[in-house]
Structures are given as C-alpha cells and as structure tokens.
Amino acid sequence: MPTISGSIAKLKASSTVAFNAKALEMKRSGVDVIAMTAGEPDFQPPEHVLEAAHEAIRSGMTKYTASEGTRELRQAIVDKHARENDLTYTPEQVIVSTGGKQVLYNAFMAMLDPGDEVIVPSPYWVSYPAQIELAGGVTVGVAASAGEGFIPDPDAIAAAITPRTKAIVVNSPSNPTGAVYPDDVLKRIADLCDEHDLWLLSDELYEHIVYEGDFTSTASHYPERTLLVHGASKGYALTGWRIGWGCGPAPLIKAMNKLQGQVTSNANAVAQHATRVALDEIELTRAFQSKTRAAYKARRDVIVTGLNDLGLRTPTPQGAFYVMADLTPIDADETVAATTLLERAHVAVVPGTDFEAPGFARLSYATSMEQIETALERIKRLLD
Ligand code: GLU
C-alpha cells in the first residue's frame, strides 16, 4: 500500500473523541460504563428547534446554501451578538461552518504561515495544537495552575510573545477546566494583542453555561482583530447538527470562506435553518438555557464536593460542564489512573495528557445526577 502523508501520520488523534469512542464501545459490548468523556449535553434539543428542522425538510430547504451560510442565519447571528454581547457585526463579518471545529481550522489556516507561533493558555482543548500544527504553526503553551483556578497570568502570556507570535487563543468558559476568566484578564490579553499586532481568537462556545457572574465576550475588548468563535453545540444542545460560526474582520472571514468553499462548501442546510430559529426564538431558547444551566450547576456542586471528599483535588469551575480532578492518589501517571478508573470502576474520563494537565483528568458532568452519584460511589469503592 502507498504510504500515508507524513503530516497526517504524525498528527495526534483527538483524545476526547478517542476516549469517548472507547467508552461507547465498552457500553455496546454490554459493560455498564459511565461515560464522562465527551463534552456533550445530555438534553434533547429544545422542541421549537426540532420542529424547525422538520419544517425545513418538509419545505425543501435541503439544497446547497451559500458557502458562508444562509443570509438569514448570518443575520440571526448578527442580531444575537448585538442583543446579548453588545457587539456590532454585519452579515459579511460572519461565516457558518461545520461545527466550531471547522471555524477554528479555517481560522488557523487563514491566519498562519509556517513557523508562526500561537499562544494558548493551558490546560487547553486537545484540538487547538493539532489544528495549529496542521496549519504549519507552533503552539506555545502558557500554563495556568490548579491553585490559580486555571486562570492564566497575563504577565506570563506577555513573556511568551516573540517576533514569531501571530495569535493568542482564549477559551472562556474553558474546555477542559471550566474556568471563567475575569474580565480584567481578558482585557489585558486583548491589550497585548493590540500592542503586538496579533490576532485574538476567542472561543466562546460555552457562553451560556456560566454559573456565577456575567459572561463578557472577549471580542468586546478588541473587536478589530478578534475572531469570535461560537456555535450551536453546547448552549443549544445541538452537538451532532454541526453548526459553528465565526465573527470577525471581513478580510479574515473572506479568507476562511475561500478555504471552506474548496473543502466542504456550506454547513448542513437543515441544521442552519433550525439554528436560525434557535437564535431568533429568544424567549423559548432562553427558557431552555436557564433550565439546563440550573441542572448543570446542581451537578457541578455534587461532583466537585464528591471528588474533593474522596481526596481527589478538584477546583470549582465557574462555567462549562467539566471538572479537572487530580488523579494522582490513584496513580502518578494520569493515563494509568484513567485506565484504572475505566477498567476497575467502569467510569470513563479523559486523561489530562493532551490537555497539558499532567496528573489530572477531565470529567464531563453533562450526564444525569444519578450517573454522577453512581460514578462517585464507584470511585470511592476503588479508592477504598
Ligand atoms: N468538544 C467536545 C469535547 O471536548 C467534543 C469532542 C470534540 O469535538 O473534541 O469533548
């Protein structure tokens, strides 16, 4: 067989996807595994959005759309950010892609030349470094510790800037830590981008899952150079529908769309229509978001208290639906510890290795309270 390309051969497979697949495979083969791997809401999407998708199919909204997304959805995105974030965009400053992942990939490809450096506070989501590498860039991690609640220090970010730095990534609320960065930290990072003429890429997928305080979009500090990355997966429980969007300067959006037009064309037409309804039917969507947020918060409180009581140090996150737990009491090597949890307690988690979080693992609590309580009991039995 001919060889696989060198760049793909050396690309790491996504560990969030891989560990989730492993848990699902064990489940299929009859093992009662509690999967705390994927960051995926366990709620059905809101009824009005499901109905909109049916209506889109029935009325023939099933053809190709413009590569950058329908005018109607892009206008709904413009309206959403004006209403909720006080940001002013035009539809030409918006691109709709196949999930937040494709927005990010388009962005790194459009921003980076070979050797360009991208600063990413760690622990970080596994796909940033992989995508940066595919775009020829180099990831420069700036570590934030559990003791600091995984909030990065802007001075450490400033110290990591070199003449090759092209962009800084922020992700608040964060996947994998759930940390919500204070506004002054976001502002300092935005100022650094301004001072050094850098792109600021702000991944805001978890905007609607913040438990304490108000969410501030990073884009509000530096709209001229910020690419705001968002999507329907988390706050609207539409993971499998694969709708993400990016808002930013028109030349960047145009470059991203040039790439997208050659690779996938438009995101799924039916899902675009349903997402427009999710954004426009404000009251119904808000009710859904309040209900799910309250459920996640109750689960967060139980899992954080439960893990800390078991001696697994777990900082309290202010957002998203993940906790990072220190698994070193199980094993100093987080992959061994996660494997032990899976094989002996049948609790599936993602080891911190690819998040740059040695000793830790990520647990998603987007699962029922009953499953969380059972998982805690199983971990207790293992530790006993
Ligand atoms: N973003 C989710 C996670 O981190 C989904 C998996 C993925 O796309 O990597 O679990």
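Atoms within a ligand are numbered from 1 in the order they appear, just like the ligands themselves. Heavy-atom basis, side chains included; hydrogens, waters and symmetry copies ignored.
- Between Tyr128 and Phe355, a ring centre-to-centre spacing not shorter than 6.0 Å is recorded.
- Closest to atom 7 (C) of ligand 1 among all protein heavy atoms lies Lys101 NZ, 3.3 Å.
- Around the CD atom of Glu195, the shell of radius 6.0 Å holds more than 12 heavy atoms that belong to other residues, nucleotides or ligands.
- When only non-hydrogen protein atoms are considered, atom 5 (C) of ligand 1 lies nearest to Lys234 NZ, 3.9 Å.
- Taking any N or O of Gly39, backbone or side chain, at least one lies under 3.5 Å from an N or O belonging to ligand 1.
- For Phe43 and Tyr236, the gap between ring centers reaches or exceeds 6.0 Å.
- Residue contacts with ligand 1 for Phe355 are absent, since no atom lies close enough (heavy atoms, distance under 4.0 Å).
- Counted within 6.0 Å of CZ on Arg344, heavy atoms from surrounding residues, nucleotides or ligands total 12 or fewer; the atom is thus considered open.
- Residue Trp125 places at least one N or O, backbone or side chain, under 3.5 Å from an N or O of ligand 1.
- For atom 9 (O) of ligand 1, the nearest protein heavy atom (residue, atom name, distance) is Thr16 OG1, 2.7 Å.
- Annotation for ligand 1: atoms under 4.0 Å from non-hydrogen atoms of Ala38 are 10 (O).
- A distance of 6.0 Å or more separates the ring centres of Phe321 and Tyr211.
- Between the side chains of Glu204 and Ser202, at least one donor N or O lies within less than 3.5 Å of an accepting N or O.
- The part of Asn175 lying near ligand 1 is the side chain, judged by heavy-atom distances below 4.0 Å.
- Considering backbone and side-chain atoms alike, Tyr206 places every N or O at 3.5 Å or more from each N or O of ligand 1.
- Ring-plane geometry between His230 and His208 is classed as tilted, the angle between the planes lying from 30 to 60 degrees on a 0 to 90 degree scale.
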